[in-house]
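The block underneath contains the structure these notes are about, expressed in structure tokens.
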Amino acid sequence: MTVFAGFDVHRAQITFDALDSDSGEVTRGRIDSTPAAVERWVTRFPGREIHVAVEACTGWLLVCQALERSGGIAHLAEPVETSALRGRKRRAKTDREDARWLRELLHAGRLPESWIPPEHVRQWRTRARTRKLLVDQRTAWQQRIRATLYHHAISGSPQRLRTLEGREFLAQQQLPGDAVEPITIALEMIDLLEIQLSSLESELRKLARRQTGCKALMELYGMGELTSLITLTELGDVSRMRASRQAVRAAGIDIGVHRSDRTSRVGKLTRQGSADLRWALFEAAQAACRPTSPDRRDYEALKARGLSHTRASLTIARKLARRSYPLLRELGPAALEPLDA
């Protein structure tokens, strides 16, 4: 007496496709995209065990929490792999078809599931992602300043424009009004971002220095407080992975390969994984060029083969992903335990 359902979630509505495994009846329809509507939907099937597949896209959290409160079981589907299982054949793409496809995969046991983090890990991950977002925005504003300077034929600016040296350099330039205004606004935005980053980074670093999984990851050369926290929260519970290569795939730094019969073609990075995890591993891997790095010899060998610094660092990043897997697996549930109050 089980119900299998697929939810296609949008901001205004949720399209569902549900199969009653006992009677074989299929019901389809739409409900409001609110927690209350999801909870009311569950009450349509009293006494049944309800399994619902939801894609890991915007809105999955409200649906999963509503299902949990009302006694349903949520299954978070990995969007890229779920779509890939359809194949290349051209077919209609509608909300009803998407919901049906999720339901069919779930019922057949073929749904590529993502990890649903516990509340405390989700909060850590959200804060770490917010910090990365703020850094990216700060970089974007600095790039706007450099673009404005270049547009007015000014070069030789310091590497970091937000420092005192950079501010003095900008103050000395003779610029027209249409250049002064955007640069002034950009500097003010950078100052606001710095204020937010200062307090957020301090708290995240304190967390990483005390958290069990982060401390284990920081034993890897190049892993710092922030990169270890992002790696931990993005990889999550590694017991769901069968091998270290799946940690590489979770970051999207595996190489796509097309192989058929005797022909084989190596492609580019798949990038079908967590962009934040990819960034953290790459940042940590760049330490491989240091003289004290245990990966220094491998890095130099890659450079000797003609690889750029970026490609050589990506190779080291894959090694770091593989090394992270056994460290976290050995710790087990302790790797993700919350801090003591």
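W141 carries R144 over the face of its six-membered ring, with the cationic atom under 6.0 Å from the centre and within 45° of the normal.
Annotation: salt bridge (charged side-chain N to carboxylate O under 4.0 Å, His left out) contacts of R167 (sequence neighbours excluded): D191. E225 meets the salt bridge (charged side-chain N to carboxylate O under 4.0 Å, His left out) test with R205, R209; sequence neighbours excluded.
The pair D98-K93 meets the salt-bridge criterion, since a charged nitrogen lies less than 4.0 angstrom from a carboxylate oxygen. Between E283 and K132 there is no salt bridge, since none of the side-chain N atoms of the basic residue sits less than 4.0 Å from a carboxylate O of the acidic one. R240 and E113 are not joined by a salt bridge, as no carboxylate oxygen comes within less than 4.0 angstrom of a charged side-chain nitrogen. Under a 4.0 Å N-O distance rule, the pair R297/E300 does not qualify as a salt bridge. In summary, R100 and E97 engage in a salt bridge, as defined by a charged side-chain N under 4.0 Å from a carboxylate O.
Remark: the backbone N or O of L320 is paired with a side-chain donor or acceptor of S324 at under 3.5 angstrom. Counting only distance, with no hydrogens or angles, the side chain of R278 and the backbone of A251 share a donor-acceptor pair below 3.5 Å. Without hydrogens or angle criteria, S21 side chain to T2 main chain gives a donor-acceptor distance under 3.5 Å. At distances below 3.5 Å, at least one donor-acceptor pair connects side-chain atoms of Q173 with backbone N or O atoms of F169. Formation of a donor-acceptor pair under 3.5 Å by the T184 side chain with backbone atoms of V180 is found in this model. Formation of a donor-acceptor pair under 3.5 Å by the H10 side chain with backbone atoms of T15 is not found in this model. Between the side chain of S293 and the backbone N or O of R290 there is no donor-acceptor pair closer than 3.5 Å. Looking at W101, its side chain does come within 3.5 Å of a backbone N or O of T82 through a donor-acceptor pair. Under a 3.5 Å cut-off, the side chain of Q211 and the backbone N or O of A335 do form a donor-acceptor pair. Checking side-chain atoms of T43 against main-chain N and O of R40 turns up a donor-acceptor pair under 3.5 Å.
The environment of R162 atom CZ is dense: over 12 non-hydrogen atoms of other residues, nucleotides or ligands sit within 6.0 angstrom. Around atom CD of E181, no more than 12 heavy atoms belonging to other residues, nucleotides or ligands sit under 6.0 Å away. Dense packing is recorded around NZ of K303, with more than 12 heavy atoms of other residues, nucleotides or ligands lying under 6.0 Å away. Heavy atoms of other residues, nucleotides or ligands lying less than 6.0 angstrom from CZ of R96 number 12 at most. Atom CZ of R245 has 12 or fewer heavy atoms from other residues, nucleotides or ligands within 6.0 Å. For E68, the CD atom sits in a loose shell: 12 or fewer heavy atoms of surrounding residues, nucleotides or ligands are nearer than 6.0 Å. Within 6.0 Å of CD in E165 there are 12 or fewer heavy atoms belonging to other residues, nucleotides or ligands.
The aromatic rings of F4 and H51 lie parallel to each other, with less than 30° between the two planes, well short of the 60° mark.
Side-chain contact check for P176 versus H152: some heavy-atom pair is nearer than 4.5 Å. The shortest distance between side-chain heavy atoms of S274 and W279 does not fall below 4.5 Å. By the 4.5 Å heavy-atom criterion applied to side chains, R322 and V248 are counted as neighbours. The closest side-chain heavy-atom distance from L170 to L187 is below 4.5 Å. Side-chain contact check for L149 versus I183: some heavy-atom pair is nearer than 4.5 Å. The side-chain heavy atoms of I190 and E194, taken from C-beta on, include a pair separated by under 4.5 Å.
E119 and Q123 form a side-chain donor-acceptor contact under 3.5 Å, judged by distance and modelled atom types alone.
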I253/F282 under side chain to side chain contact (heavy atoms under 4.5 Å, CB included): CA gap, chis, key distance, verdict: CA-CA 9 Å; I253 52 177; F282 181 76; over 6 Å; no

Working for side chain to side chain contact (heavy atoms under 4.5 Å, CB included), residues Q13 and D95: CA-CA 10 Å; Q13 64 188 20; D95 294 347; 4.0 Å; yes

Side chain to side chain contact (heavy atoms under 4.5 Å, CB included) assessment of V38 paired with F7: CA-CA 10 Å; V38 174; F7 276 12; 4.3 Å; yes

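Across all non-hydrogen atoms, the minimal contact from E201 to V135 is OE2-CG2, 4.4 Å.
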